[in-house]
2 protein chains.
Amino acid sequence: MPTQSRRERARAERHELILRTARELAESIGWGAVTTRRLADAIDYSQPVLYGHFENMNAIADAVAIQGIEELIAVLRVARTTAPNPAAGLSALAKAYLEYASNHPAVYEAIFVRPTDLEFASADSPLLLKTAFAEFQAAIEPFAAGDDPETLTEVLWSALHGQATLAHARRLRPDQRDGRVELLVARLSGKNSPPSAK
Amino acid sequence: MPTQSRRERARAERHELILRTARELAESIGWGAVTTRRLADAIDYSQPVLYGHFENMNAIADAVAIQGIEELIAVLRVARTTAPNPAAGLSALAKAYLEYASNHPAVYEAIFVRPTDLEFASADSPLLLKTAFAEFQAAIEPFAAGDDPETLTEVLWSALHGQATLAHARRLRPDQRDGRVELLVARLSGKNSPPSAK
DNA sequence: CCAGAAATCTAGCAGCGCTAGATTTCCTAG
DNA sequence: CTAGGAAATCTAGCGCTGCTAGATTTCTGG
């Protein structure tokens, strides 16, 4: 192992340390309070070190977002493919999505809420977004009936995104999280209101 | 008219000037760029004058949000009550909501996106939120069937909110805005996929 | 062991929200 | 009509932000 390699390894480790710390900080104090000074302090280096790894503060949040969307894709895929049938798959995927958003609000914010240049910036991020989108589409497509599957997918994703963000902003009744997603899935998949009461 | 009154009138005018200017600035350059210095410059006063009218910058955005939600409520009510039947009313309300969000993105952001203390802060703002919520509920309630109307309302509102925010972030196909809302409304109201194709 | 390269830090800039204290403007009483 | 005091307004500045140039330290290869 040449010296060069050890340096590179140390550098890569610190790169991960920055990301991990940024993520932890964001989850505990919110992105708005994750400043270069605080982050540098937390990793025990001076601010300029951060700029040796990332172009700016925004790029750090973007990198956390990319890690997050990879996790999210995996979670969605497991939820969907583990289910015994399409209806259960759709329901599991929807619940898994909201659960991820609820358990990792700062990461979710980094991915989908924060004003991001991530759209067309990094070369691989649009691909990841497309992959995530494909998970939604695979889950809802069996219920497309005569409608355009892509449009239906956008409707599903938007509906879940809305529930995630409004729930996080405490604008929806917390105890009804499951009720909302179940009702949404039921109506979107066409299996509508139960025969009569209950 | 005693002197006191003229002063008060001038003060009220400037109050409105601040709000109007803040709103215009936000719509043209985004809330992130609406700073106390820029806003003060735009109204041709120094920064401290702003603090004679509002507690802080956030309170200005909150005030814009309150103006906005009043507008939005009126828009929703007209859309809903003008329609000839419940189905048309729901559709009109949904489209009006998305249109308002699209036409006044900064105001929409002030109301529903910006991290706000508006929840329990101002005395009248929760009432306004409840009133807006009631509009949604009135529109969707006829289609509740056996389901809880409040939950269904939360589902509707969340779904529209998601479409509004993701569309603004350019993460949904712009040309499919109407298609999405129509599909959403159709599925939520139980009038599902057309008999066969097309 | 030592020169040069690489890594890291110190110190600083401009802009942010916000405010204390100086200054100006205005109203009123004599 | 003017003097004085209250009200309105501004200047200047604090501590924070993201970010960077240049000094300094650390490490590496000859």
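So you know, we letter chains A, B, ... as the sequences are listed, proteins then strands, and number each from 1. This is a predicted model, so every value here is computed, not measured.
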Sequence neighbours excluded and cut-off under 3.5 Å, please list the side-chain donor-acceptor pairs for residues 42-50 of chain A, or say none.
none

- Of all pairs that satisfy side chain to side chain donor-acceptor pair (under 3.5 Å), the ones with a partner from residues 17-36 of chain B, not counting sequence neighbours: B:R23-B:E71
- ring pair (Phe, Tyr, Trp, His ring centres under 6.0 Å): which pairs involve residues 62-96 of chain B, sequence neighbours left out? none
- Query: Do B:R171 and A:E154 sit within salt-bridge range, that is, some charged N less than 4.0 Å from a carboxylate O?
  - Reply: no
- Task: Find the distance B:H53:NE2 to C:dC18:C1' and express it as a whole number of Å.
- Result: 16 Å
- Sequence neighbours excluded - salt bridge (charged side-chain N to carboxylate O under 4.0 Å, His left out) pairs with any residue from residues 85-97 of chain A: A:K95-A:E182
- Note on the structure: For residues 103-113 of chain B, the side chain to side chain donor-acceptor pair (under 3.5 Å) pairs (sequence neighbours left out) are B:Y97-B:Y108, B:Y108-B:H161
Which pairs, protein N/O on one side and nucleotides 6-8 of chain D N/O on the other, fall under 3.5 Å?
{"residue": "D:dA7", "atom": "O3'", "partner": "B:R7", "partner atom": "NH1", "Å": "3.0"}

- Who are the ring-ring contact (aromatic ring centres under 6.0 Å, His included) partners of B:H15, not counting sequence neighbours? B:H53, B:F54
- Message: Any residue in residues 24-52 of chain A with a heavy atom nearer than 4.0 angstrom to DNA chain D? Just list them by number, or reply none.
- Response: A:V34, A:T35, A:T36, A:R37, A:R38, A:Q47, A:P48, A:Y51
- Query: Who are the ring-ring contact (aromatic ring centres under 6.0 Å, His included) partners of B:F143, not counting sequence neighbours?
  - Reply: none
